[in-house]
Amino acid sequence: MAYDFVKIEKKWIGRYDGFEGFRGKNFDNKEKKYILVEFPYPSGSGLHVGHAFSMTGSDVYARYMRMMGKNVLFPMGWDAFGLPTENYAIKVGRKPQIITKENTDKFKEQMRRLALSFDWEREVNTTDPDYYKWTQWIFIKLFEKGLATKEEMAINWCPSCKIGLANEEVIDGKCERCGTETERRTISQWVVKITAYAERLLEGLKNTNFIEKVKASQINWIDKREGVKIRFAVKNRDELLEVFTTRPDTLLGVTFMVIAPEHKLVADLMGNEEVKKYVEETKKKSEMERTELAKEKTGVFSGLVAVNPINGKEIPIWIADYVLVSYGTGAIMAVPSHDERDETFAKKYSLPIDREYVPDEKLMETIIEKGVGERSVNYHLRDWIFSRQHYWGEPIPMINCPVCGWVTVSDEELPVRLPEVLKYQPTDTGESPLANITEWVETECPKCGGKARRETDTMPNWAGSDWYFLRYCDPKNNQELAEISKMQYWMPVDVYVGGDEHNTLHLLYSRFIYQFLWDLGVVPKNIPEPYNKRLSHGVILGADGNRMSKTIGNTVIPDNVADVYGTDVLRTYMMFMGPFDSTMAWNERSLIGVRRFIDKISTLILESVGKYKETDLEGIRIVHRLVRGVGEDIAEFKFNTAIAKLMESVNYLSKNKIGLSNNELSMMVRILAPFAPFVAEEMWSRLGNNFSVHVAEWPKYNDKYLVSEIITLSVQINGKLRGTVEVTPEAEEAEVKNIAESLEKVQKYLSEGKVVKIIYIKGKTINFVVV
RNA sequence: GCCGAGAUGGCGAAAUGGUAGACGCACUAGCUUUAGGAGCUAGCGGGGAAACCCAUGGAGGUUCAAGUCCUCUUCUCGGCACCA
């Protein structure tokens, strides 16, 4: 066995610590390539195989790009704020700062072992005050531009985590993290107006090369709907009732109106006992109940009557919670003949249904002519609840002064540091644990100097990851979040690799923050979007085909695999498992297959060094073709087929005992290097080259070696394969036809009928059409 | 219900409209090793003695030629879901 991974890894691993070759160089003349893979949350359980997989894929690509002569920026950092660390810290009575340090150290060592070629000079950590200073700065700018406001609002409250949750963090009425059923609570919350950017976020997708499904998920989440706002008069009242509809053509089919229980019109109807009862009942319903009861619609007659602005028909106004106050105008015109939901409701409460009604396209014009409505656009996208009642997050840099109201912390006072205390248990009141730390909370108003209190809410997890890709461009800057010239050089991110679970929220939030910073002029004017290409990586399941989980006990720890097989085998196996973006199950046996391959290629190369003066033509052809194939596959993230090609060639070379001279061996070593960095380095050194193969030039193939002298063509009769012929690639039809016709089998078929047509595709096939 | 991605041997999977199943695993036979869950050689979609036939979820279609293009359909996975 030529491949003693323990010895080889030990020999080389230290050489990569602080290795200059893995650094992205600001303003270098080479073409830049910014390759980003999502930074992990450093959990206590360490880096798992999923991380290892996506990071290795990105690493292979980054190594290839370096060898292709690009100036590569391939950074890594830590998205370290978050509940698990906070909860664990409370449990063991230690500071989350310390626990985070331990976890990131562990992750970093695991990444080192996996030979991930990150530029550690640019490491960032969202919990580092020098980093979150700028996260806070961004918040202040949002506030100054009127995009962050504090509002009383009903939020989803997790009674177990004691935290307010954004809508997207509630899954089936349950807390995304702990699974506890959420409740509704009214709390004063910071809200960021991402909806102001809805159209920009939609339009901006045109400036990206995201894969289709990522674009689709962004478009669906924003969900733009074009329609009309129509005003209905309310009988015996001054107010008008405004509705939003995408079907103005059904306006004359309206038989009743529905308003949400929270609609402003409902407020002065509380004298009506039935209405009051219904509204109060609805309030008590949790999200869970509202979702579960989705099919069972409930409502009550409001006592009010609306007037159809076109035909003057009087129609009753109902109150029902199937109409949402948060969408459109919180009121609808119900057309039970053309809307299933309205029909269900109408049937339940015996409301009229105009089944004869035929929609009329011309109504749109009439509405506008009469001035009773105008075109309007609605987005599904909601504003972003930005407050969390927790300790382990970025403090929101705001001060509440009894005289001046909400005042921003001045730039000089940033960052507002988290107080380092041991006790910060969440409260039941809905207030952040920071509220109990009096000496931190009590402060002076930056405006009037009077007594004031700090905001005790912290930011959501997303805040730190919204802009980290900018910080990598200039990670140590303490004057600004990053110097514009450096961003000008590195941005946009060329390839962003991440998980499907971040294709909507993280991507949308970070695009929004980037666009906002663009409006501020702090990011380059000519770069409207932060990411060029977005790829989503696949998922690795346990050997049993289930998602890896500690409870099932099917998790795979990369370190354990590396202990047994070595890093090179682990990396190559993960890349060989299947397409980079697919779901794949772990398979110990296949891992052994890859070990055989690494062993075989090591033997082949190490035993050939210096043995052959020249490589014969066949060998040269194999190597050149391989160089092209592997390079093309890596460029497209098709690592599995790249490795298959390597295997195929190695099998062929050793089976046919084709010797390679050092020149061709060197080419082989270099194309193996991105996958199996340690053993490639060893071979590179044995070939007499200097450290390191990972900054060596990717070998160039010569086109003249890519064409074969003889190729095999298929001979078809009526499209069915009946034989093959071996000819030169340039062979003309007449020649191929002659050879093909001489085949016994072909003759047999030709004699059965008349040849009416011959189709000859050079290099592929000849097809005789016989009738 | 809506959006997206899929469906190819026993398994993971390859295939610019042109020899379906590359590569790997498993399996079978033989060799080899003190032994092996190690290595080597050969075979390996189904049927058939063979000629040949059948085969890429299903049904149609386009084409000289379809896993690949078109129409319809079934199922699986992921996401969203009372959004007017």
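First the proteins, then the strands, lettered A, B, ... as listed; each starts at 1.
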- Does A:Lys655 have a side-chain nitrogen or oxygen under 4.0 Å from the phosphate oxygens OP1 or OP2 of B:A42? yes
- Task: Rounded to whole angstrom, note down the P distance from B:C75 over to B:A42.
- Result: 46 Å
- RNA chain B contacts among residues 573-583 of chain A, heavy-atom distance under 4.0 Å: A:Phe576, A:Met577, A:Pro579, A:Thr583
- Looking at A:Phe580 versus A:Phe53, is the centre-to-centre ring distance below 6.0 Å? yes
- Is the distance between the ring centroids of A:Phe576 and A:Phe639 less than 6.0 Å? no
- Task: Report yes if a donor N or O on one partner sits less than 3.5 Å from an acceptor N or O on the other, where the partners are the side chain of A:Lys213 and the base of B:C3; otherwise report no.
- Result: no
- Counting just side-chain N and O atoms, does A:Asn640 come under 4.0 Å of either OP1 or OP2 of B:A14? yes
- Item | 5' priority, RNA chain B, between A:Ala585 and A:Ile759 [closest heavy atom] | A:Ala585
- Please measure how far the P atom in B:A22 lies from the corresponding atom in B:G45, and state the result in whole Å. 8 Å
- Message: Does any part of the side chain of A:Ile353, heavy atoms only, come nearer than 4.5 Å to the side chain of A:Thr255, both counted from C-beta?
- Response: no
- Message: Could you check whether any side-chain heavy atom of A:Glu752 comes within less than 4.5 Å of a side-chain heavy atom of A:Val770, counting everything from C-beta outward?
- Response: no
- Task: Round to the nearest Å and state the distance from A:Tyr379 atom OH to B:A81 atom P.
- Result: 19 Å
- Task: Could you measure between the two C1' atoms, the one in B:G17 and the one in B:U56, and give it in whole Å?
- Result: 15 Å
- Task: May I ask which nucleotide in the shown strands pairs with B:A13, Watson-Crick or G-U wobble, both distances under 3.5 Å?
- Result: none
- Query: From the list B:A65, B:A22, B:C82, which nucleotide is the closest neighbour of the side chain of A:Asn767?
  - Reply: B:A65
- Message: Just the rounded figure in Å: distance from C1' of B:A15 to CG of A:Asp633.
- Response: 12 Å
- Query: Is it true that A:Tyr509 and A:Trp462 have ring centroids separated by less than 6.0 Å?
  - Reply: yes
- Taking NZ from A:Lys645 and P from B:A13, how many angstroms apart are they, rounded to a whole number? 18 Å
- What's the spacing between A:Thr504 OG1 and A:Gln218 CD if we round to 0.5 Å? 7.5 Å
- Query: Over how many whole Å does the gap from A:Asp500 atom CG to B:G4 atom P extend?
  - Reply: 15 Å
- Query: Minimum heavy-atom separation for A:Tyr278 to A:Asp321, with atom names?
  - Reply: OH-N, 3.0 Å
- Task: Provide the Watson-Crick or G-U wobble partner of B:C69, both distances under 3.5 Å; none if there is no partner.
- Result: B:G61
- Note on the structure: As its Watson-Crick or G-U partner within any shown strand, both distances under 3.5 Å, B:U28 has B:A42
- ring-ring contact (aromatic ring centres under 6.0 Å, His included) involving A:Phe597 - partner list, sequence neighbours excluded: none
- Message: Under 4.0 Å, heavy atoms only, any strand: does A:Asn378 hit a base, just the sugar-phosphate, or nothing?
- Response: nothing
- Message: Please tell me if A:Asn651 has a side-chain N or O lying less than 4.0 Å from either OP1 or OP2 of B:G24.
- Response: yes
- Task: May I ask you to establish whether A:Lys297 and A:Tyr322 are in a cation-pi arrangement, using a distance under 6.0 Å from NZ or CZ to the six-membered ring centre and at most 45° from the ring axis?
- Result: yes
- Candidates A:Leu240, A:Val243, A:Val307 - the one meeting side chain to side chain contact (heavy atoms under 4.5 Å, CB included) with A:Phe232: A:Val243
- Task: Between B:C53 and B:A5, how far apart are the P atoms? Round to whole Å, please.
- Result: 37 Å
- Could you check if a side-chain atom of A:Phe210 sits within less than 4.5 angstrom of a side-chain atom of A:Lys533, using non-hydrogen atoms only? no
- Nearest whole angstrom, please: distance from the P of B:C80 to the CD of A:Gln218. 14 Å
- Item | Base partner of B:G78, which must satisfy Watson-Crick or wobble distances under 3.5 Å | B:C3
- Query: With rounding to whole Å, what would you report as the distance between B:A66 and B:G58 at their P atoms?
  - Reply: 15 Å
- Where the side chain of A:Met647 is defined as all heavy atoms beyond and including C-beta, which of B:C82, B:U19, B:G24 is the nearest nucleotide? B:G24
- Message: Give me syn or anti for B:G17, where syn covers glycosidic angles within 90 degrees of 0.
- Response: anti
- Pick the C1' atom in B:A15 and in B:U68, then give their distance to the nearest Å. 9 Å
- Task: Measure from the side chain of A:Ala216, starting at C-beta and using heavy atoms only, and say which of B:C25, B:A20, B:C3 lies closest.
- Result: B:C3
- Please determine if A:Lys737 and A:Glu741 form a salt bridge, counting it only when a charged side-chain N lies under 4.0 Å from a carboxylate O. yes
- Task: Between A:Val769 and A:Ile332, just flag the one whose closest nucleotide in RNA chain B comes earlier from the 5' side.
- Result: A:Val769
- May I have the distance from A:Ile761 (atom CD1) to B:U19 (atom P), rounded to whole angstrom? 11 Å
- Using whole Å, report how far CD of A:Gln716 lies from P of B:G17. 16 Å
- Here the distance between atom C1' of B:G78 and atom CG of A:Leu541, to the nearest Å, is 12 Å
- Query: Quick one: is A:Arg596 getting a side-chain N or O under 4.0 Å of the B:C25 phosphate, OP1 or OP2?
  - Reply: yes
- Message: Does the protein touch nucleotides 47-55 of chain B at the base, only the backbone, or not at all? Give it as B, S and - per nucleotide, heavy atoms under 4.0 Å.
- Response: ----SSSS-
- Message: Work out how far the P atom of B:G9 is from that of B:G67, and round it to whole angstrom.
- Response: 14 Å
